[in-house]
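Each ligand, and each atom within it, is numbered from 1 in the order the structure gives.
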Amino acid sequence: MVDRTNRPSALKATDAAGPEAQVDIVGSGSSSKVIATLPSGESVEVLLFGATVTSWKSNGGKTENLWLSEKAALDGSKAVRGGVPVVFPVFGPPPKSGHPTSTLPQHGFARTSRWEFLGKSSAEDALGSNSVKLDFGLYRSGLSEDAREAWPLDFGLVYSVTLSKDSLQTIINVRNEGQQSFEFQFLLHTYFKIQDISKVAVNGLLGVTYVDKVLNATEHKQSDNSIKITGEVDRVYTSIPQDTTSIVEDGKPRFDVVRDNLQDTVVWNPWIEKAKSMGDFSPDDDYKHMICVEVGTVQGWQKLEKGEVFEGGQTIKSLL
Ligand SMILES: O=P(O)(O)OC[C@H]1O[C@H](O)[C@H](O)[C@@H](O)[C@@H]1O
């Protein structure tokens, strides 16, 4: 784990000799995005709207790892369909009443708020490869009036996106900056790009209890280590002891998703009808080319007292 303060370390250039990552801010207004590229060609793109990672290319920049709908709104008009939307402070539809998140929209406000780019820092790993960390911030002052009214609590989020040669790390740091305690849920709604859903399996959840949202929210225990996707899947796996969930394609490991201080994972594929019914999911049959494996803390609530900090996230490894 990195430091648990809520502010990113001062911008610091690497002491390492050799070229550093290139970081550019492109576009304007709600379409602004930060693009970082390593000297070896790998890259990441983060839209300030939602701090949504919309592209992550590994393998010298040749392999796109994230699925992004052709009709994803990238102009700040709605949450991005694809990439890595950040879900905070509530997952899914909020509780009907009686909770401070009750009047928030599905998946909360983080994915539809404009974040600040706080800066970059560079580092070199043990093998001498460069990596670059981009920090994004969202505070109460940055929320829409609606969100501020719906969730009248004082908080600070710093979201750090670190691009390395074969991995992407995305970590949230949540601080309670107010006088009273608050509760939240958090999830990274990662859309992985895959070649063919019929050849994909999600491994590493054996023995874990899950709620099946397709089967009327019934509770089950995962009895097979290998989950094949042959229809709509929407499952919330909770209290997972294993750190790593793997996406295997054609019998070969494709991605490892390593949880950091997060115990839950949602596995989602909308399949034929649901994909068709979503106006921003395109092309219709691209449910064949994506799988969401979403790490988070969504069972119950994380509680932060005044001044307390929570930190958690994921490291995703592209294994091609
Ligand atoms: O359409 P969205 O609000 O982006 O939600 C997309 C999906 O997110 C999660 O995976 C939930 O478990 C699903 O129930 C939901 O359909």
Exercise. When S318 is tested against each of N59, N65, D256 for side-chain hydrogen bond (donor to acceptor under 3.5 Å, both in side chains), which residue passes?
Worked result: N65
Are there any protein N or O atoms under 3.5 Å from the N or O atoms of ligand 1? List them with distances, or say none.
residue  : atom   : partner : partner atom : Å
ligand 1 : 1 (O)  : R81     : NH1          : 3.2
ligand 1 : 1 (O)  : R81     : NH2          : 3.0
ligand 1 : 3 (O)  : Q106    : NE2          : 2.8
ligand 1 : 3 (O)  : R111    : NH2          : 3.0
ligand 1 : 4 (O)  : R81     : NH1          : 3.0
ligand 1 : 4 (O)  : R111    : NH1          : 2.9
ligand 1 : 5 (O)  : Q106    : NE2          : 3.3
ligand 1 : 5 (O)  : H107    : NE2          : 3.3
ligand 1 : 8 (O)  : H107    : NE2          : 3.1
ligand 1 : 8 (O)  : H189    : NE2          : 2.7
ligand 1 : 10 (O) : H189    : NE2          : 3.2
ligand 1 : 10 (O) : E294    : OE1          : 3.2
ligand 1 : 10 (O) : E294    : OE2          : 2.8
ligand 1 : 12 (O) : K213    : NZ           : 2.9
ligand 1 : 12 (O) : D234    : OD1          : 2.7
ligand 1 : 14 (O) : K213    : NZ           : 3.2
ligand 1 : 14 (O) : D234    : OD2          : 2.5
ligand 1 : 16 (O) : K274    : NZ           : 3.1

Exercise. Does the side chain of D264 pick up a donor-acceptor pair with the side chain of T238 at under 3.5 Å?
Worked result: no
Exercise. Looking only at atom types and distance, does a side-chain atom of N269 sit under 3.5 Å from a main-chain N or O of Y287, one as donor and one as acceptor?
Worked result: yes
Exercise. Strictly by modelled atom types, are S69 and D280 linked by a side-chain donor-acceptor pair under 3.5 Å?
Worked result: no
For this session: Please determine, by modelled atom types, if T170 and Q314 share a side-chain donor-acceptor pair under 3.5 angstrom.
Result: yes
For this session: Calculate, to the nearest 0.5 Å, the distance between atoms CZ and CG belonging to F155 and L143 respectively.
Result: 4.0 Å
